[in-house]
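Just below is one structure, and these are the notes that go with it.
Please read all numbers here as calculations on a predicted model, not as lab measurements. Below, chain A is the first sequence line, B the second, and so on; all start at residue 1.
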There are 2 protein chains.
Amino acid sequence: MNGTKHEHDEDAAAALRQTSLRVTKQRVAVLDAVRDHPHADTETVIRSVRESLPAVSHQAVYDSLHTLTEVGLLRCIKPSGSVARYERRIGDNHHHLVCRSCSLIVDVDCTIGQAPCLTPSHDAGFVIDQAEVTFWGMCPDCTAAGAQLTGDDQFSAV
Amino acid sequence: MNGTKHEHDEDAAAALRQTSLRVTKQRVAVLDAVRDHPHADTETVIRSVRESLPAVSHQAVYDSLHTLTEVGLLRCIKPSGSVARYERRIGDNHHHLVCRSCSLIVDVDCTIGQAPCLTPSHDAGFVIDQAEVTFWGMCPDCTAAGAQLTGDDQFSAV
DNA sequence: CACTTTCCTTGACTCGTTCAAGAGAAGCAG
DNA sequence: CTGCTTCTCTTGAACGAGTCAAGGAAAGTG
């Protein structure tokens with residue numbers, strides 16, 4: 001295992017110093033939590049942060065996630081039917097594969113060429129700045145387990 | 001103006017009869033409401049339905065939207081930061097352009113070829129059944145008005 | 001028309017998220 | 001190092017889209 005807790009903290013602190021944000025232990029812990037739990041939801045981040053800082057308020061985590069997303073240190077994704085999830089892989093506009101059964105999210109790189117689907121057939125006069133692609137399906141585990149879609153999944157899916 | 005209220009009702013009723021669902025005036029009204037308000041949210045559907053059926057409960061509308069989506073008469077979309085929205089254009093897996101400023105949603109047809117982006121660079125073993133593409137940007141009106149993104153928009157956007 | 005099954009009404013409730021006020025700490029100037 | 005200013009965190013209440021549950025109403029069937 002390379003990458004100690006301390007190195008993570010240093011890395012997170014350095015990232016924070018490059019913004020105009022203050023370096024607080026809460027924010028460092030939130031950045032580390034998201035690094036350790038890819039595509040984590042807020043609840044997971046809160047639990048993870050509390051392992052090192054038992055007294056953090058949920059509001060501090062919400063605030064940190066918002067602020068860090070605003071300055072570009074985190075990216076927020078919200079697949080249909082899911083709560084907000086955060087990731088530290090930013091700046092490459094990669095896309096996501098979401099399991100309809102267990103909500104597992106996996107990163108996928110751009111599909112065709114380097115700017116896939118960035119040109120809709122007509123843009124209706126819009127100034128487009130991002131194309132977000134979400135692939136829906138079943139992850140290997142759920143496929144193997146023969147998982148069936150629940151009514152709710154079907155509803156929120158299509 | 002072609003397409004009277006009565007014709008719409010007949011059309012909606014016919015669509016319902018092709019499923020195993022009962023034809024109720026609430027469901028007919030919901031179908032008509034979604035036809036009349038493309039990409040309408042639930043609140044809009046409720047208001048629209050109450051123009052002809054003042055006494056419908058919000059629960060009846062929620063139930064109808066769910067059921068109609070399940071049987072494939074409606075499609076539900078939920079862009080990040082937006083509530084659920086419904087549309088009657090189904091079966092062609094078209095995509096959406098969303099204005100970051102006013103939340104206007106516009107349909108766009110498939111982009112490259114007929115099955116755009118349906119093949120991620122690696123599928124991580126997933127069985128993929130749908131690729132959902134959302135284009136984010138600014139609609140013509142907001143661009144002309146020089147609308148700036150609010151902090152909140154920026155947050156939920158990237 | 002009577003009966004069965006599905007659907008709608010009513011009203012309470014959940015859960016993720018946000019709001020607001022005041023206490024606390026980060027960073028800077030001296 | 002010390003005090004000051006400003007930003008950040010804690011506390012606790014509130015919000016809103018959506019859901020749950022029980023009983024009454026209406027659609028479809030024979």
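The distance from atom CD of B/E70 to atom C1' of D/dT19 is 14 Å, rounded to the nearest whole Å. Between B/R27 atom CZ and D/dA26 atom P the separation is 15 Å, expressed in whole Å. Atom CD1 of B/I77 and atom P of D/dA17 are 17 Å apart (whole Å). Nucleotide D/dA17 holds its P atom 14 Å from the CG atom of B/L65, rounded to whole Å. In this entry the distance linking NE2 of A/H66 with C1' of D/dT8 reads 15 Å, nearest Å. In this structure, NZ of A/K78 is placed 10 Å from C1' of C/dG16, rounded to the nearest angstrom.
In this structure, A/R100 contributes its side chain and A/W136 its backbone to no donor-acceptor pair below 3.5 Å.
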Give the table of side-chain donor-acceptor pairs shorter than 3.5 Å for residues 11-24 of chain A, with sequence neighbours excluded, one pair per line with atom names and distance.
{"residue": "A/D11", "atom": "OD2", "partner": "A/R35", "partner atom": "NH2", "Å": "2.7"}
{"residue": "A/T19", "atom": "OG1", "partner": "A/L16", "partner atom": "O", "Å": "2.6"}
{"residue": "A/T19", "atom": "OG1", "partner": "A/L21", "partner atom": "N", "Å": "3.0"}
{"residue": "A/T24", "atom": "OG1", "partner": "A/R27", "partner atom": "N", "Å": "3.2"}

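Residue B/T42 places none of its side-chain N or O atoms closer than 4.0 Å to OP1 or OP2 of D/dA17. Put simply, A/H58 has no side-chain N or O that comes within less than 4.0 Å of OP1 or OP2 on D/dC9.
Only A/L21, A/R22, A/T24, A/Q26, listed by number, bring a heavy atom of residues 16-26 of chain A to less than 4.0 angstrom from any atom of DNA chain D.
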B/E43 and B/R47: salt bridge (Lys or Arg N to Asp or Glu O under 4.0 Å), yes or no, with the steps?
CA-CA 6 Å; B/E43 185 55 34; B/R47 272 204 308 276; 3.7 Å; yes

Criterion side-chain contact (heavy atoms from CB on, under 4.5 Å) on A/L31 and A/R88, from CA distance to verdict
CA-CA 8 Å; A/L31 279 172; A/R88 280 207 71 176; 3.9 Å; yes

From CA spacing to verdict: side-chain contact (heavy atoms from CB on, under 4.5 Å), B/C99, B/C142:
CA-CA 8 Å; B/C99 177; B/C142 289; 3.8 Å; yes

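The nucleotide whose nearest atom lies closest to any side-chain atom of B/Q59 is, among C/dG11, C/dC8, D/dT11, C/dG11. Checking D/dT10, C/dT9, C/dT17 against the side-chain heavy atoms of B/A60 singles out C/dT9 as nearest.
Follow the hydrophobic side-chain contacts under 4.5 Å out from A/V71 and you reach A/V28 in the same cluster. A continuous path of ILVMFWY side-chain contacts below 4.5 Å connects B/V61 to B/L53, so both sit in one hydrophobic cluster.
Comparing A/S64 and B/Y62 by the nucleotide of DNA chain D whose heavy atom lies nearest to each, the residue mapping closer to the 5' end is A/S64. Ranked by how close their nearest DNA chain C nucleotide is to the 5' end, A/A84 and B/D63 are led by B/D63.
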